[in-house]
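Encoded as structure tokens, the structure appears first; notes follow it.
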Amino acid sequence: MAAKYFGVIMVNVSGLELLIVNLKNLKPLERVQKDINLGDDVYQDKPVKYESVDRVSEALTGFIQILSDYGVTDYKLFGSEALSQAFNADFIADQLFLHTGLTIRWLSMSEEAFYRNQDIQIDMRKKKKMKHETVFLVGITSGNTSVTQFDDGKFISSTNFALGPIKIAEDLQSLRETAPNSIGLLNDYIDSKLNDFYSDNPASGIDKKQPSKIILLGTLPLKRLVDNYEKDSENSLSIDAFNRLVDDLVDVSDQYLIERLQADEEYVPLVLPELLLIRRVIRLTHADEIGFSDSGIVDGLVNSEAVAHGYSKRDFTQQTIIMANNLADHYNVEPVHQRLVTRFALHLFDQLKPLHQLGNRERLLLQVASILHDVGNYIGIHEHYLHSEYIISHSDITGLSDTERRLVAAVARYHSSTTPSEDLSHFQHISATNRRLIAKLAAILRLADALDDDRQQKIKRISVSIKEPNIIISVFSNANLAYENWIFNSKSQFFQEAFGYRAMLKQRSVKEK
């Protein structure tokens, strides 16, 4: 029975959380939280103190004992993007491994948003009629904020920025010491971060003026404070009521927050920064109502594990594809060529599975690389593949880890002329496993791109057969394919290097109807 149980441990700048679930039905068995403040060091650009890391190790040891008590042997440890930015993040990871035997996997900001949003998105899917057509999920952690837009329950876009209550709290303290109107200046500071981010971010989708609703994720301390202020337990709040709350709490004492509103002492310095941040997000999203949800990152992590094991069909990877298409649209990628190359690449991937032995995750990476391989043309056609790599490497793509995003960027880089084998200076910093993966995906993308290199869509359909030592790619077209054959023969040389099979093109006529 224990084999279907799974545990997730999440470490961030404010502490740790453990969730144990039954993967078959996703019912939680145990949820435990331990508050340990690491943010003071992280956001002041200081190494996290040894004593703090020791406390995290001690808490992890306790979590492992809980897992053992339940008979759970399958569990994973994740770390937040904010904590991964600590000066001594590598030291933290090493110390946790030495004390517990657990290897921490750092999440990117886009992954955190991706996992945090999943539970509430499932709820939105169940509700056929909603008061608001547009809903924004706002995930706030100590150092980051994510905003994800849904229209009629459908994912539109997601954006992330490194601004959270702890960082704002530090700036507020500094402003109070030097500026007479610290709140006004802080509002301008937050606005500058939000406005700059959305004006420069190609994934931004907040351009509608009609009223919307925001749902705050991961803000339970604030929800308790709101309940005590409003004297009720409603799960939503009007914007007018929220603004009254902010105005009333701007100048209150810490004692008032603790005694009258029952705020935890550790949370008190973050109350005003969080309220000010939310108020600026409200202005940005044109929200007229606020809701609250206790959905967290660990909930999404266990759901993804259930999907990977075949217990759940709640797969959210379509969000990653939508974000890739949003990015391609922003950089004016020619859509007909892009869609054809993507279709050919995925068909090749599926038919060549006996050779590459790769799974669904690698297929997704190839799909994203195919969608984005020409984004570099926005900067310049000459060596556009280098520009594509740069753009992808520096873009937010929901659901991809930092490593996966770099893999996709490398596949896009090598879809054209140079190959990894010719570019050892660039490739030497990548692990052998990932080098092989990049080579295989880039080789497939090269073949797909070669089939429409002149952008004339002469080939509408292909079929693939494996006849050792050759791969026969039959293309259906009545056009003259002399150019395609020449390009294909040139680009297929790297395929033979990566797979050990020679790719051959065979033309078949299309019968006129």
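All values reported here derive from a predicted model rather than from experimental measurement.
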Pairwise side-chain contact, [X] with [Y], heavy-atom cut-off 4.5 Å (strictly under):
X	Y	answer
Leu217	Ile140	no
Tyr331	Leu372	no
Thr159	Gln149	no
Asn22	Asn25	yes
Phe476	Lys460	no
Thr61	Thr100	yes
Met323	Ser157	yes
Val32	Glu30	yes

Looking at [X], I'd like to know if its [atom1] atom is crowded, meaning that more than 12 non-hydrogen atoms belonging to other residues, nucleotides or ligands lie closer than 6.0 Å.
X	atom1	result
Asp94	CG	yes
Tyr378	OH	no
Leu98	CG	yes

Below 4.0 angstrom, N of the basic side chain to O of the carboxylate: do [X] and [Y] qualify?
X	Y	result
Lys491	Asp453	yes
Glu362	Lys440	no
Asp402	Arg405	yes
Asp299	Arg31	yes
Lys34	Glu17	no
Arg455	Asp374	yes

So which atom in [X] and which in [Y] form the shortest heavy-atom distance, rounded to 0.1 Å?
X	Y	result
Phe494	Ala439	CE2-O, 3.5 Å
Gly359	Phe349	O-CZ, 3.5 Å
Val72	Tyr5	CG2-CB, 3.7 Å
Met504	Phe488	C-CE2, 3.9 Å
Arg446	Tyr414	NE-O, 2.8 Å
Ser212	Phe136	OG-CE1, 3.4 Å

Verify, without hydrogens or angle tests, whether [X] (side chain) and [Y] (backbone) share a donor-acceptor contact under 3.5 angstrom.
X	Y	value
Thr320	Thr398	yes
Ser388	Gly376	yes
Glu404	Ser401	yes
Asn88	Pro47	no
Asn485	Leu481	yes
Glu468	Asn470	no
Glu334	His337	yes
Asn332	Asn377	no
His309	Glu305	yes
Ser492	Phe495	no

Validate the cation-pi geometry between Arg105 and Phe78: distance from NZ or CZ to the six-membered ring centre under 6.0 Å, angle to the ring axis within 45°.
->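 Negative - Arg105 is either too far from the ring of Phe78 or too far off its axis.
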
Test log, rule side chain to side chain contact (heavy atoms under 4.5 Å, CB included), inputs Leu364 and Arg361 = CA-CA 5 Å; Leu364 174 66; Arg361 193 65 187 176; 3.5 Å; yes

Quiz question: by atom type and distance under 3.5 Å, do the side chains of [X] and [Y] form a donor-acceptor pair?
X	Y	answer
Gln507	Glu484	no
Gln85	Glu81	yes
Gln65	Asp69	yes
Arg116	Ser146	yes

Could you measure the distance from the [atom1] atom of [X] to the [atom2] atom of [Y]? Nearest 0.5 Å is fine.
X	Y	atom1	atom2	answer
Gln118	Leu301	CD	CG	8.0 Å
Leu83	Asn12	CG	CG	7.5 Å
Ile104	Leu77	CD1	CG	4.5 Å
Ile444	Leu366	CD1	CG	6.0 Å
Ile36	Ser14	CD1	OG	10.0 Å
Ser393	Arg406	OG	CZ	8.0 Å

How far apart are the C-alpha atoms of Asn434 and Thr403, what are their side-chain angles, what is the distance that settles it, and do they pass the side chain to side chain contact (heavy atoms under 4.5 Å, CB included) test?
-> CA-CA 9 Å; Asn434 285 338; Thr403 298; 4.0 Å; yes

Check the pair Lys458, Asp452 against salt bridge (Lys or Arg N to Asp or Glu O under 4.0 Å), reporting the backbone distance first and the verdict last.
-> CA-CA 7 Å; Lys458 297 177 185 176; Asp452 190 44; over 6 Å; no

Please assess Gln496 against Tyr501 for the test side chain to side chain donor-acceptor pair (under 3.5 Å), listing each intermediate value before the final yes or no.
-> CA-CA 5 Å; Gln496 187 169 8; Tyr501 281 69; over 6 Å; no

Test side chain to side chain contact (heavy atoms under 4.5 Å, CB included) applied to Leu16 and Val56, step by step = CA-CA 8 Å; Leu16 302 88; Val56 173; 3.9 Å; yes

Taking the six-membered ring for Trp, is the centroid-to-centroid distance between His387 and His382 below 6.0 Å?
->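 No, ring centres 6.0 Å or more apart.
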
Hey, do the aromatic rings of His373 and His384 have their centres closer than 6.0 Å?
->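 His373 vs His384: aromatic centres not under 6.0 Å.
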
Can you tell which of Asp152, Asp151, Thr285 makes a side-chain hydrogen bond (donor to acceptor under 3.5 Å, both in side chains) with Thr134?
->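 It is Asp151; the other options fail the test.
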
Carefully, step by step, assess Thr148 and Asn117 under the rule side chain to side chain donor-acceptor pair (under 3.5 Å).
-> CA-CA 8 Å; Thr148 304; Asn117 293 343; 2.7 Å; yes

Might you work through the side chain to side chain contact (heavy atoms under 4.5 Å, CB included) test for Leu67 and Leu18, ending with a clear yes or no?
-> CA-CA 9 Å; Leu67 289 160; Leu18 165 67; 4.0 Å; yes

